[in-house]
Amino acid sequence: MNSILYIVIPCYNEQEVLPETSARLQDKLARMMQSGLISSLSRVMFVDDGSRDKTWEIISQLHSQNKLFSGLKLAHNKGQQSALLAGLMSAKSYADCVISLDADLQDDIETLDEFVQKFDEGCDIVYGVRSARNTDTFFKKFTAESFYKFMKLLNVDIINNHSDYRLMSKRALDALSEYGEVNLFLRGIVPTIGYKTDIVYYERHERFAGESKYPLKKMIAFAIDGITSFSVKPLNMISGVGIFLSFVSVIGLIYSLISYFAGWTVPGWTTTVCSIWLLGGIQLFCIGVLGCYVGKIYFEVKKRPRYLVDMIVNDNDTEIDADALSDKVKKM
Ligand code: UDP
Ligand code: MG
């Protein structure tokens, strides 16, 4: 249907992958333009999330050589979710639909056509879902599956095995712009929008160069953020634990009174020490969970900007000559 497609790619220190990623996308988009699936005003928008390496230099160079590429430079490193949001909000002014993608092309770009076809059929949101987790380590597979199960347990509407590879229409992006939260967890926010949605299955590849920008520490923080942004059930669970323990302590009290009157009070040291430690630990944990929510409220009430744009390079009204593009690719 010849819609204008923008591909938004958050990039943090991605100098190793950008030359290859841009070449592959150029080839793919040229083919999509030639087949008439997308308009020649479509673009690839790289969002530089405050990188410290040559990422922005590469993006500007790509833009000056080829108008297919545009770039958005954030003033600071704000994390993948904020960078993605910045790109989506900027791209929605020019595009009919936007697909978000990782810079390392772990998400299979050969499925891009399917996303656009579903958009043409009237879908506002199309989720990319991994058909298998073969490229993951056992640890990553196990933790990811536990995370999805836990989210389901908390009644959070989340799509299994979907990361941030998704298409959103301009209408869906307008709806997303109404969400003002600072604690961003797009995978949880997008399903709450509604509209007509569908799924596209794909196989996730290995990162072809550079290192993951999501070490274990960041991954755990992201998972906790996801849980606490969408559910207050952990708070209710604390009350549940409190009620349960009060009940247990009443039994403990009866037991100690009986012990006292029966005259076997001396060997009480173990139980005393154990309960102090156990209750101390549980109390600290519960205060921690409360603190987690209070911390989030603290950030939300401040309403600080979620990202600041330093610079944007986008030539949005130059038509791309797809034949010349694919010739260029052949020569490379
Ligand atoms: N990313 C970002 N800001 C960050 C961390 C990551 O924009 O602070 C981008 C990164 O450049 C990549 C995407 O987020 O395009 C996903 O990161 P990565 O591939 O390192 O994560 P993994 O696939 O290992 O989970
Ligand atoms: Mg990756």
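Both counts, for ligands and for their atoms, begin at 1 and track the order of listing.
If you look at Cys11 next to ligand 1, the close heavy atoms, those under 4.0 Å, all belong to the backbone. Neither the backbone nor the side chain of Asn13 has any atom closer than 4.0 Å to an atom of ligand 1 (non-hydrogen atoms only). Contacts with ligand 1 closer than 4.0 Å are made by heavy atoms of both the backbone and the side chain of Gln80. Counting heavy atoms closer than 4.0 Å to ligand 1, residue Asp102 contributes atoms from both its backbone and its side chain. The proximity of Gln81 to ligand 1, defined as any non-hydrogen pair under 4.0 Å, does not occur for either the backbone or the side chain.
Lys296 contributes a side-chain N or O that, together with a main-chain N or O of Asp225, makes up a donor-acceptor pair within less than 3.5 Å. Arg187 places no side-chain N or O within 3.5 Å of a backbone atom of Ile159 that could act as its donor or acceptor partner. Judged by distance alone, with hydrogens and angles left aside, the side-chain atoms of Asp53 form a donor-acceptor pair with the main-chain N or O of Gln15 at under 3.5 Å. Side-chain N or O atoms of Arg52 include none that pairs as donor or acceptor with a backbone N or O of Tyr12 at under 3.5 Å.
Around the Mg ion (ligand 2), the protein N, O or S atoms closer than 2.8 Å are Asp104 OD2, Gln106 OE1, listed by chain and residue number.
Residue Ala83 has no nitrogen or oxygen atom sitting less than 3.5 Å from a nitrogen or oxygen atom of ligand 1, judged on distance alone. On a distance-only criterion, Glu211 and ligand 1 share no N/O pair closer than 3.5 Å. Checking only distances, Asp104 does come within under 3.5 Å of ligand 1, N or O to N or O.
Of all protein heavy atoms, the one lying nearest to atom 15 (O) of ligand 1 is Pro10 O, 2.7 Å. Closest to atom 3 (N) of ligand 1 among all protein heavy atoms lies Asp49 OD2, 2.7 Å.
The side-chain heavy atoms of Leu184 and Ile189, taken from C-beta on, include a pair separated by under 4.5 Å.
Note: His63 and Phe69 fail the aromatic proximity criterion, with ring centroids not under 6.0 Å apart.
Under 3.5 Å, the side chains of Ser177 and Asp174 contain no donor-acceptor pair of N or O atoms.
The closest non-hydrogen atom to atom 25 (O) of ligand 1, taken over Lys140, Lys78, Met219, comes from Lys140.
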(message) With side-chain hydrogen bond (donor to acceptor under 3.5 Å, both in side chains) as the criterion, how do Tyr165 and Thr111 come out once you've worked through the C-alpha distance, each side chain's angles and the decisive distance to 0.1 Å?
(response) CA-CA 10 Å; Tyr165 189 20; Thr111 43; 3.1 Å; yes
Exercise. Checking side-chain hydrogen bond (donor to acceptor under 3.5 Å, both in side chains) for the pair Ser169/Asp124: CA distance, chi angles, key distance, verdict?
Worked result: CA-CA 5 Å; Ser169 68; Asp124 278 290; 2.5 Å; yes
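With rounding to the nearest 0.5 angstrom, the NZ atom of Lys73 is 12.0 Å from the SG atom of Cys11.
With a 6.0 Å radius and a threshold of 12 heavy atoms from other residues, nucleotides or ligands, Lys218 has its NZ atom above the threshold.
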